[in-house]
Amino acid sequence: MIHVPDEAVSTVFGHLRRVSRPGGPLLLGFHVGDESRLKTQGYGGHPMNVHAHRRQVDQVAAWLRDAGFTVEAHMPIDPDESVPGAVLFARRQS
């Protein structure tokens, strides 16, 4: 999720819906925020060139609903850290 650009999220969520059974669960974790950054160094100092996207919980939940999921719960992860996260629990609608 963190490396998927905004314009591709609906396609990705559409594929998640396609491979899920009706009522099937989805647990989705992501970084929370309002920015996208280009990462040029990975863990252990390895060179890389990827964008990392931080998103708001409400936006991700809306994308899931638009893709045919019902969001049942969300939980913040490390909200006081420099890169807070969140987890959304959703189910595929019939």
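In this chain, residues are counted from 1 in sequence order.
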Co-members of the apolar cluster containing Met1 [side chain, <4.5 Å]: Val4, Val9, Val12, Phe13, Leu16, Leu26, Leu28, Phe30, Val32, Val57, Val60, Trp63, Leu64, Phe69, Val71, Leu88
Going by side chain to side chain contact (heavy atoms under 4.5 Å, CB included), name the residues that satisfy it together with Ile77, two or more places apart in sequence or in a different chain. Met75, Val87
Got a sec, which residues hit side-chain hydrogen bond (donor to acceptor under 3.5 Å, both in side chains) with Arg92, two or more places apart in sequence or on another chain? none
Under the side chain to side chain contact (heavy atoms under 4.5 Å, CB included) criterion, do Leu38 and His51 qualify, and how do the steps go? CA-CA 4 Å; Leu38 177 64; His51 285 89; 3.9 Å; yes
Applying side-chain hydrogen bond (donor to acceptor under 3.5 Å, both in side chains) to Arg91 and not counting sequence neighbours gives Glu72
Tell me the closest heavy-atom pair linking Gly14 and Ala67, and the distance in Å. N-CB, 4.4 Å
Ser10: which residues meet the side-chain hydrogen bond (donor to acceptor under 3.5 Å, both in side chains) condition with it, sequence neighbours left out? none
Partners meeting side chain to side chain contact (heavy atoms under 4.5 Å, CB included) with Glu35 (sequence neighbours left out): Arg37, Arg54
Quick one: OG on Ser36 to NE2 on His31, what's the gap to the nearest 0.5 Å? 12.5 Å
Minimum heavy-atom distance Ser94-Pro22, with the two atoms named: CA-CB, 4.0 Å
Taking every heavy atom of Lys39 against every heavy atom of Ala52, the minimum-distance pair comes out as CD-CB, 4.1 Å
